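Here's the structure, in C-alpha coordinates; my notes come after.
Letters go in sequence order (proteins before strands), and every chain restarts at 1. Everything numeric here is computed off the predicted structure, so don't read it as measured data.
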Amino acid sequence: MLKKFTVKSTRRSEFIDITPSVEETIRASGVRNGIAVIHVFHTSAAITINENADPDVATDLEGFMAKLIPHESDFRHAEGNSDAHVKSSLFGPSITLIVEDGAPALGTWQAVYLVDWDGPRTRQYAVKVLAD
Amino acid sequence: MLKKFTVKSTRRSEFIDITPSVEETIRASGVRNGIAVIHVFHTSAAITINENADPDVATDLEGFMAKLIPHESDFRHAEGNSDAHVKSSLFGPSITLIVEDGAPALGTWQAVYLVDWDGPRTRQYAVKVLAD
Amino acid sequence: MLKKFTVKSTRRSEFIDITPSVEETIRASGVRNGIAVIHVFHTSAAITINENADPDVATDLEGFMAKLIPHESDFRHAEGNSDAHVKSSLFGPSITLIVEDGAPALGTWQAVYLVDWDGPRTRQYAVKVLAD
(Lines give C-alpha, C1' and ligand atoms only; values in the text may rest on other atoms or scores of the structure.)
Protein backbone atom coordinates (compact mmCIF):
# COMPACT_ATOMS: atom_id res chain seq x y z
CA MET A 1 0.00 0.00 0.00
CA LEU A 2 1.15 3.51 -0.94
CA LYS A 3 -0.55 6.67 0.33
CA LYS A 4 0.38 10.28 -0.39
CA PHE A 5 -0.19 13.20 1.96
CA THR A 6 0.01 16.99 1.87
CA VAL A 7 0.89 19.23 4.82
CA LYS A 8 1.30 22.97 5.13
CA SER A 9 4.00 24.58 7.23
CA THR A 10 3.36 27.99 8.77
CA ARG A 11 6.89 29.34 9.25
CA ARG A 12 10.40 28.93 7.79
CA SER A 13 11.55 26.10 10.04
CA GLU A 14 8.92 23.78 11.48
CA PHE A 15 8.63 20.23 12.85
CA ILE A 16 5.26 18.70 11.91
CA ASP A 17 4.27 15.47 13.69
CA ILE A 18 3.07 13.06 10.97
CA THR A 19 2.95 9.93 13.16
CA PRO A 20 -0.89 9.67 12.98
CA SER A 21 -0.78 9.44 9.16
CA VAL A 22 1.84 6.68 9.36
CA GLU A 23 -0.21 4.71 11.90
CA GLU A 24 -3.38 5.18 9.82
CA THR A 25 -1.70 4.01 6.59
CA ILE A 26 -0.38 0.88 8.29
CA ARG A 27 -3.83 0.14 9.74
CA ALA A 28 -5.52 0.68 6.36
CA SER A 29 -3.00 -1.62 4.65
CA GLY A 30 -3.95 -4.55 6.85
CA VAL A 31 -0.24 -5.41 7.17
CA ARG A 32 0.54 -6.91 10.59
CA ASN A 33 4.31 -7.35 10.23
CA GLY A 34 6.72 -5.75 7.78
CA ILE A 35 8.16 -2.29 7.22
CA ALA A 36 7.00 1.22 6.33
CA VAL A 37 8.96 3.80 4.34
CA ILE A 38 8.14 7.50 4.77
CA HIS A 39 9.57 9.76 2.03
CA VAL A 40 9.31 13.53 1.50
CA PHE A 41 9.28 14.74 -2.13
CA HIS A 42 11.35 17.91 -1.62
CA THR A 43 15.03 18.85 -1.28
CA SER A 44 14.52 21.53 1.39
CA ALA A 45 12.52 19.36 3.81
CA ALA A 46 13.30 16.15 5.73
CA ILE A 47 11.83 13.23 7.64
CA THR A 48 13.18 12.52 11.12
CA ILE A 49 12.30 10.87 14.41
CA ASN A 50 12.55 12.75 17.67
CA GLU A 51 10.81 13.36 20.98
CA ASN A 52 7.10 14.15 21.07
CA ALA A 53 6.62 14.69 24.83
CA ASP A 54 8.29 18.06 25.40
CA PRO A 55 7.71 20.61 22.58
CA ASP A 56 10.91 22.36 23.72
CA VAL A 57 12.89 19.56 22.04
CA ALA A 58 11.68 20.51 18.54
CA THR A 59 12.22 24.20 19.40
CA ASP A 60 15.79 23.40 20.51
CA LEU A 61 16.43 21.41 17.33
CA GLU A 62 15.18 24.26 15.11
CA GLY A 63 17.16 26.85 17.07
CA PHE A 64 20.41 24.91 17.15
CA MET A 65 20.26 24.00 13.45
CA ALA A 66 19.64 27.68 12.59
CA LYS A 67 22.83 28.63 14.44
CA LEU A 68 24.85 25.73 13.02
CA ILE A 69 23.82 26.41 9.42
CA PRO A 70 22.83 30.09 9.17
CA HIS A 71 20.34 31.20 6.52
CA GLU A 72 22.71 33.90 5.31
CA SER A 73 25.89 31.89 4.77
CA ASP A 74 28.20 32.43 1.84
CA PHE A 75 26.20 30.39 -0.69
CA ARG A 76 26.01 30.56 -4.51
CA HIS A 77 22.55 29.09 -5.13
CA ALA A 78 20.39 32.01 -6.26
CA GLU A 79 17.22 30.96 -4.43
CA GLY A 80 18.87 31.80 -1.10
CA ASN A 81 17.82 28.57 0.59
CA SER A 82 21.05 26.56 0.47
CA ASP A 83 20.98 26.28 4.27
CA ALA A 84 17.73 24.33 3.87
CA HIS A 85 19.35 21.98 1.33
CA VAL A 86 22.24 21.29 3.74
CA LYS A 87 19.87 20.61 6.67
CA SER A 88 17.77 18.32 4.47
CA SER A 89 20.71 16.10 3.55
CA LEU A 90 21.85 16.05 7.19
CA PHE A 91 18.45 14.91 8.50
CA GLY A 92 17.63 12.82 5.42
CA PRO A 93 14.59 12.60 3.12
CA SER A 94 13.17 9.35 4.45
CA ILE A 95 12.83 6.97 7.37
CA THR A 96 12.20 3.22 7.31
CA LEU A 97 10.20 1.88 10.24
CA ILE A 98 9.58 -1.66 11.42
CA VAL A 99 5.88 -2.66 11.48
CA GLU A 100 4.91 -4.97 14.36
CA ASP A 101 1.37 -6.19 15.12
CA GLY A 102 -0.17 -3.63 12.76
CA ALA A 103 1.62 -0.58 14.18
CA PRO A 104 4.96 1.20 13.75
CA ALA A 105 7.57 -0.11 16.22
CA LEU A 106 8.48 3.15 17.97
CA GLY A 107 9.93 3.90 21.39
CA THR A 108 7.78 5.57 24.04
CA TRP A 109 8.97 9.08 23.15
CA GLN A 110 9.51 8.63 19.40
CA ALA A 111 7.40 10.51 16.87
CA VAL A 112 7.87 10.84 13.10
CA TYR A 113 8.32 14.44 11.95
CA LEU A 114 8.27 16.12 8.57
CA VAL A 115 10.70 19.00 8.99
CA ASP A 116 10.25 21.98 6.73
CA TRP A 117 13.55 23.87 6.48
CA ASP A 118 12.28 26.43 3.97
CA GLY A 119 8.64 27.16 4.77
CA PRO A 120 6.01 28.28 4.85
CA ARG A 121 5.14 25.90 2.00
CA THR A 122 2.83 23.06 1.01
CA ARG A 123 4.77 19.79 1.27
CA GLN A 124 4.06 16.29 -0.02
CA TYR A 125 5.18 12.97 1.42
CA ALA A 126 4.32 9.31 0.96
CA VAL A 127 3.96 6.31 3.26
CA LYS A 128 4.63 2.88 1.74
CA VAL A 129 3.84 -0.34 3.66
CA LEU A 130 5.45 -3.68 2.79
CA ALA A 131 4.41 -6.98 4.33
CA ASP A 132 6.85 -9.68 5.40
CA MET B 1 11.87 -12.19 11.61
CA LEU B 2 12.05 -9.50 14.31
CA LYS B 3 14.49 -9.65 17.23
CA LYS B 4 14.97 -7.13 20.02
CA PHE B 5 18.20 -6.46 21.86
CA THR B 6 19.39 -4.56 24.91
CA VAL B 7 22.82 -2.94 25.33
CA LYS B 8 24.34 -0.87 28.10
CA SER B 9 26.57 2.10 27.48
CA THR B 10 29.23 3.00 30.02
CA ARG B 11 29.77 6.72 29.39
CA ARG B 12 27.89 9.73 27.99
CA SER B 13 28.90 9.31 24.34
CA GLU B 14 29.74 5.82 23.11
CA PHE B 15 29.85 3.85 19.85
CA ILE B 16 28.80 0.22 20.44
CA ASP B 17 29.46 -2.26 17.61
CA ILE B 18 26.24 -4.24 17.12
CA THR B 19 27.22 -5.92 13.84
CA PRO B 20 27.37 -9.43 15.40
CA SER B 21 23.71 -9.19 16.51
CA VAL B 22 22.68 -8.13 13.00
CA GLU B 23 24.60 -11.02 11.41
CA GLU B 24 23.16 -13.48 13.94
CA THR B 25 19.55 -12.30 13.36
CA ILE B 26 19.93 -12.68 9.60
CA ARG B 27 21.41 -16.16 10.04
CA ALA B 28 18.62 -17.20 12.42
CA SER B 29 15.96 -15.89 9.99
CA GLY B 30 17.13 -18.22 7.24
CA VAL B 31 16.74 -15.35 4.75
CA ARG B 32 19.34 -15.56 1.97
CA ASN B 33 18.44 -12.40 0.04
CA GLY B 34 16.46 -9.38 1.15
CA ILE B 35 16.95 -6.47 3.54
CA ALA B 36 17.44 -5.85 7.27
CA VAL B 37 16.24 -2.79 9.20
CA ILE B 38 18.00 -1.85 12.46
CA HIS B 39 16.05 0.62 14.63
CA VAL B 40 16.89 2.15 18.04
CA PHE B 41 13.89 2.92 20.30
CA HIS B 42 15.25 6.17 21.80
CA THR B 43 15.48 9.84 20.80
CA SER B 44 18.94 10.43 22.29
CA ALA B 45 20.68 7.52 20.56
CA ALA B 46 21.30 6.61 16.91
CA ILE B 47 22.24 3.83 14.49
CA THR B 48 25.11 4.47 12.09
CA ILE B 49 27.71 2.73 9.97
CA ASN B 50 31.38 3.59 10.25
CA GLU B 51 34.87 2.11 10.37
CA ASN B 52 35.61 -0.84 12.65
CA ALA B 53 39.36 -1.26 11.97
CA ASP B 54 40.86 1.73 13.80
CA PRO B 55 39.16 2.57 17.15
CA ASP B 56 40.47 6.13 16.74
CA VAL B 57 37.73 6.73 14.15
CA ALA B 58 34.93 6.32 16.72
CA THR B 59 36.93 8.42 19.19
CA ASP B 60 37.32 11.15 16.54
CA LEU B 61 33.58 11.02 15.74
CA GLU B 62 32.62 11.35 19.43
CA GLY B 63 35.12 14.17 19.98
CA PHE B 64 34.19 16.16 16.90
CA MET B 65 30.44 15.85 17.52
CA ALA B 66 30.96 17.05 21.11
CA LYS B 67 32.69 20.18 19.81
CA LEU B 68 30.15 20.74 17.02
CA ILE B 69 27.12 20.38 19.30
CA PRO B 70 28.24 21.19 22.86
CA HIS B 71 26.42 19.66 25.82
CA GLU B 72 25.95 23.11 27.40
CA SER B 73 24.42 25.03 24.50
CA ASP B 74 21.61 27.53 24.94
CA PHE B 75 18.78 24.98 25.06
CA ARG B 76 15.30 25.15 26.63
CA HIS B 77 14.58 21.43 27.18
CA ALA B 78 14.74 20.93 30.95
CA GLU B 79 16.43 17.52 30.87
CA GLY B 80 19.64 19.15 29.67
CA ASN B 81 20.24 16.63 26.88
CA SER B 82 19.10 18.58 23.82
CA ASP B 83 22.57 18.16 22.29
CA ALA B 84 21.87 14.39 22.29
CA HIS B 85 18.54 14.94 20.52
CA VAL B 86 20.24 17.01 17.80
CA LYS B 87 23.00 14.43 17.29
CA SER B 88 20.39 11.64 17.12
CA SER B 89 18.45 13.30 14.29
CA LEU B 90 21.73 14.05 12.46
CA PHE B 91 22.93 10.42 12.59
CA GLY B 92 19.41 8.96 12.33
CA PRO B 93 17.53 6.31 14.32
CA SER B 94 17.81 3.47 11.83
CA ILE B 95 19.76 1.88 9.00
CA THR B 96 18.48 -0.37 6.22
CA LEU B 97 20.98 -2.95 4.98
CA ILE B 98 20.95 -5.21 1.94
CA VAL B 99 21.05 -8.95 2.76
CA GLU B 100 23.05 -11.05 0.29
CA ASP B 101 23.73 -14.79 0.60
CA GLY B 102 22.57 -14.85 4.21
CA ALA B 103 24.74 -11.97 5.43
CA PRO B 104 24.58 -8.16 5.54
CA ALA B 105 26.15 -6.60 2.43
CA LEU B 106 28.81 -4.42 4.10
CA GLY B 107 32.10 -3.01 2.85
CA THR B 108 35.38 -4.34 4.25
CA TRP B 109 35.61 -1.62 6.92
CA GLN B 110 31.91 -1.10 7.62
CA ALA B 111 30.41 -1.95 11.02
CA VAL B 112 26.95 -1.12 12.40
CA TYR B 113 27.06 1.00 15.56
CA LEU B 114 24.48 1.93 18.14
CA VAL B 115 25.60 5.38 19.27
CA ASP B 116 24.54 6.48 22.71
CA TRP B 117 24.61 10.29 22.86
CA ASP B 118 23.27 10.51 26.42
CA GLY B 119 24.65 7.56 28.37
CA PRO B 120 25.39 5.73 30.46
CA ARG B 121 22.00 4.07 29.88
CA THR B 122 20.36 0.80 28.94
CA ARG B 123 19.28 1.00 25.28
CA GLN B 124 16.96 -1.15 23.18
CA TYR B 125 17.05 -1.78 19.46
CA ALA B 126 15.46 -4.17 16.98
CA VAL B 127 16.63 -6.01 13.89
CA LYS B 128 13.98 -6.89 11.29
CA VAL B 129 14.77 -9.17 8.34
CA LEU B 130 12.63 -9.23 5.17
CA ALA B 131 13.06 -11.76 2.39
CA ASP B 132 12.87 -10.88 -1.31
CA MET C 1 17.28 -8.00 -7.80
CA LEU C 2 20.69 -6.79 -6.62
CA LYS C 3 23.11 -4.88 -8.85
CA LYS C 4 26.52 -3.50 -7.99
CA PHE C 5 28.14 -0.44 -9.54
CA THR C 6 31.51 1.28 -9.58
CA VAL C 7 32.08 5.04 -9.94
CA LYS C 8 35.22 7.14 -9.90
CA SER C 9 35.42 10.52 -8.22
CA THR C 10 37.81 13.12 -9.59
CA ARG C 11 38.43 15.34 -6.54
CA ARG C 12 38.36 15.14 -2.72
CA SER C 13 34.72 16.07 -2.25
CA GLU C 14 32.26 15.32 -5.06
CA PHE C 15 28.55 14.73 -5.59
CA ILE C 16 27.96 12.11 -8.31
CA ASP C 17 24.40 11.75 -9.65
CA ILE C 18 23.61 8.02 -9.66
CA THR C 19 19.87 8.34 -10.33
CA PRO C 20 20.11 6.77 -13.82
CA SER C 21 21.62 3.56 -12.38
CA VAL C 22 18.82 3.36 -9.81
CA GLU C 23 16.15 3.83 -12.49
CA GLU C 24 17.83 1.28 -14.74
CA THR C 25 18.06 -1.35 -11.96
CA ILE C 26 14.38 -0.93 -11.12
CA ARG C 27 13.45 -1.24 -14.80
CA ALA C 28 15.61 -4.35 -15.23
CA SER C 29 14.07 -5.95 -12.12
CA GLY C 30 10.59 -5.79 -13.61
CA VAL C 31 9.29 -4.66 -10.19
CA ARG C 32 6.34 -2.28 -10.55
CA ASN C 33 5.72 -1.49 -6.88
CA GLY C 34 7.98 -1.95 -3.89
CA ILE C 35 11.15 -0.35 -2.56
CA ALA C 36 14.79 0.13 -3.57
CA VAL C 37 17.76 0.33 -1.20
CA ILE C 38 20.94 2.10 -2.37
CA HIS C 39 24.02 1.37 -0.21
CA VAL C 40 27.63 2.57 -0.52
CA PHE C 41 30.34 0.13 0.64
CA HIS C 42 32.70 2.71 2.19
CA THR C 43 32.99 4.67 5.44
CA SER C 44 34.22 7.89 3.85
CA ALA C 45 31.43 8.23 1.28
CA ALA C 46 27.64 8.60 1.56
CA ILE C 47 24.34 8.33 -0.30
CA THR C 48 22.00 11.32 -0.22
CA ILE C 49 19.15 12.97 -2.08
CA ASN C 50 19.33 16.61 -3.10
CA GLU C 51 18.56 19.02 -5.94
CA ASN C 52 19.61 18.19 -9.48
CA ALA C 53 18.46 21.34 -11.28
CA ASP C 54 21.02 23.93 -10.15
CA PRO C 55 24.61 22.59 -9.88
CA ASP C 56 25.31 25.41 -7.39
CA VAL C 57 23.37 23.43 -4.77
CA ALA C 58 25.92 20.57 -4.75
CA THR C 59 28.74 23.15 -4.78
CA ASP C 60 27.15 24.91 -1.79
CA LEU C 61 26.76 21.61 0.07
CA GLU C 62 30.41 20.66 -0.53
CA GLY C 63 31.62 24.12 0.47
CA PHE C 64 29.53 24.40 3.61
CA MET C 65 30.39 20.89 4.83
CA ALA C 66 34.11 21.66 4.30
CA LYS C 67 33.78 24.70 6.57
CA LEU C 68 31.63 22.90 9.16
CA ILE C 69 33.97 19.88 9.40
CA PRO C 70 37.44 21.02 8.32
CA HIS C 71 39.88 18.51 6.84
CA GLU C 72 42.58 19.55 9.32
CA SER C 73 40.70 19.27 12.61
CA ASP C 74 42.25 17.89 15.77
CA PHE C 75 41.79 14.21 14.92
CA ARG C 76 43.68 11.07 16.06
CA HIS C 77 43.02 8.72 13.12
CA ALA C 78 46.33 8.40 11.31
CA GLU C 79 44.92 8.34 7.78
CA GLY C 80 44.00 12.02 8.11
CA ASN C 81 40.48 11.58 6.75
CA SER C 82 38.42 11.66 9.94
CA ASP C 83 36.47 14.64 8.56
CA ALA C 84 35.25 12.31 5.79
CA HIS C 85 34.14 9.71 8.36
CA VAL C 86 32.14 12.35 10.25
CA LYS C 87 30.47 13.65 7.07
CA SER C 88 29.65 10.08 6.02
CA SER C 89 27.79 9.30 9.25
CA LEU C 90 25.98 12.67 9.03
CA PHE C 91 24.74 12.06 5.46
CA GLY C 92 24.36 8.30 5.93
CA PRO C 93 25.52 5.28 3.89
CA SER C 94 22.19 4.41 2.33
CA ILE C 95 18.80 5.60 1.15
CA THR C 96 15.58 3.62 0.83
CA LEU C 97 13.28 4.74 -1.98
CA ILE C 98 9.67 3.88 -2.74
CA VAL C 99 9.15 2.21 -6.16
CA GLU C 100 5.91 3.19 -7.92
CA ASP C 101 4.85 2.06 -11.40
CA GLY C 102 8.34 0.76 -12.18
CA ALA C 103 10.22 3.92 -11.23
CA PRO C 104 11.64 5.53 -8.07
CA ALA C 105 9.11 7.84 -6.41
CA LEU C 106 11.12 11.07 -6.39
CA GLY C 107 10.09 14.72 -6.28
CA THR C 108 10.61 16.93 -9.33
CA TRP C 109 14.00 18.21 -8.12
CA GLN C 110 15.23 15.11 -6.29
CA ALA C 111 18.25 13.17 -7.49
CA VAL C 112 20.18 10.38 -5.76
CA TYR C 113 23.84 11.23 -5.16
CA LEU C 114 26.85 9.21 -4.15
CA VAL C 115 28.97 11.70 -2.22
CA ASP C 116 32.67 11.04 -2.05
CA TRP C 117 34.11 12.83 1.00
CA ASP C 118 37.64 11.50 0.52
CA GLY C 119 38.31 11.26 -3.21
CA PRO C 120 39.57 10.92 -5.77
CA ARG C 121 38.82 7.21 -5.43
CA THR C 122 36.99 4.32 -7.04
CA ARG C 123 33.77 3.69 -5.10
CA GLN C 124 31.31 0.80 -5.08
CA TYR C 125 27.61 0.84 -4.32
CA ALA C 126 24.65 -1.50 -4.70
CA VAL C 127 21.00 -1.10 -5.66
CA LYS C 128 18.57 -3.68 -4.28
CA VAL C 129 14.94 -3.83 -5.48
CA LEU C 130 12.20 -5.54 -3.45
CA ALA C 131 8.68 -6.13 -4.75
CA ASP C 132 5.55 -5.65 -2.64
Side-chain angles (χ1 to χ4, degrees), chain A residues 1-4 6 25 29 31 34-48 65 67-98 117-118 121-132, chain C residues 15 19 31-39 46-69 86-101 103-115 117 128-132:
Chain A
M1 162 155 318
L2 174 63
K3 273 205 179 179
K4 294 183 183 177
T6 297
T25 306
S29 75
V31 170
I35 60 169
V37 179
I38 303 101
H39 179 93
V40 67
F41 293 110
H42 309 274
T43 55
S44 55
I47 303 290
T48 197
M65 292 299 287
K67 282 193 295 186
L68 193 67
I69 305 157
H71 192 176
E72 300 303 335
S73 300
D74 181 26
F75 289 126
R76 290 192 196 186
H77 181 45
E79 287 184 57
N81 65 349
S82 280
D83 65 309
H85 289 288
V86 176
K87 290 168 192 164
S88 298
S89 270
L90 290 174
F91 270 47
S94 65
I95 284 281
T96 301
L97 297 175
I98 295 167
W117 295 118
D118 192 32
R121 286 181 193 242
T122 300
R123 300 299 199 172
Q124 291 179 300
Y125 66 97
V127 180
K128 170 82 182 178
V129 187
L130 252 91
D132 261 358
Chain C
F15 280 62
T19 315
V31 170
R32 299 298 298 168
N33 295 287
I35 61 170
V37 179
I38 302 101
H39 179 93
I47 303 290
T48 198
I49 286 179
N50 223 298
E51 184 177 320
N52 59 358
D54 178 0
D56 281 347
V57 170
T59 306
D60 282 348
L61 282 161
E62 288 170 43
F64 188 86
M65 292 299 288
K67 282 193 295 184
L68 192 67
I69 305 158
V86 176
K87 290 168 192 163
S88 298
S89 270
L90 290 175
F91 270 47
S94 65
I95 284 282
T96 301
L97 296 175
I98 295 167
V99 174
E100 185 184 13
D101 296 334
L106 290 169
T108 312
W109 314 113
Q110 289 185 315
V112 182
Y113 289 96
L114 185 152
V115 190
W117 294 118
K128 170 83 182 177
V129 188
L130 252 92
D132 261 359

Answer with side chain, backbone, both or neither: which region of [X] has an atom nearer than 4.5 Å to a non-hydrogen atom of chain A?
X	result
C:Asp54	side chain
C:Ala46	neither
C:Thr96	both
C:Asn33	both

- Query: Step by step, would you call A:Ser89 with C:Thr48 a side chain to side chain donor-acceptor pair (under 3.5 Å)?
  - Reply: CA-CA 6 Å; A:Ser89 270; C:Thr48 198; 2.8 Å; yes

- May I ask you to test the A:Asp74-C:Lys67 pair for a side-chain heavy-atom distance under 4.5 Å? yes

- Item | Side chain proximity check, C:Leu106 to A:Phe41, heavy atoms < 4.5 angstrom | no

Spell out, as yes or no, whether a donor-acceptor pair under 3.5 Å connects the side chain of [X] to the backbone of [Y].
X	Y	result
C:Gln110	A:His42	yes
C:Asp60	A:Ser82	no
C:Asp132	A:Leu130	no

Which bit of [X] is near chain C, if near means a heavy-atom gap under 4.5 Å: side chain, backbone, both or neither?
X	value
A:Lys87	neither
A:Ala131	neither
A:Leu90	both
A:Ile35	side chain

- Query: Based on non-hydrogen pairs under 4.5 Å, which of A:Val129, A:Thr43, A:Val37, A:Asp83 is most in contact with chain C?
  - Reply: A:Thr43

- Query: Pick from A:His39, A:His77, A:Glu79: which one has the most heavy-atom pairs with chain C under 4.5 Å?
  - Reply: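 Result: the option with the highest number of such pairs is A:His77.
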
- Message: I'd like to know which of C:Ile98, C:Leu97, C:Thr59 tops the heavy-atom pair count under 4.5 Å against chain A.
- Response: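 Counting heavy-atom pairs under 4.5 Å, the top option is C:Ile98.
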
- Item | Residues C:Val99, A:Lys128; criterion side-chain contact (heavy atoms from CB on, under 4.5 Å); working and verdict | CA-CA 9 Å; C:Val99 174; A:Lys128 170 82 182 178; over 6 Å; no

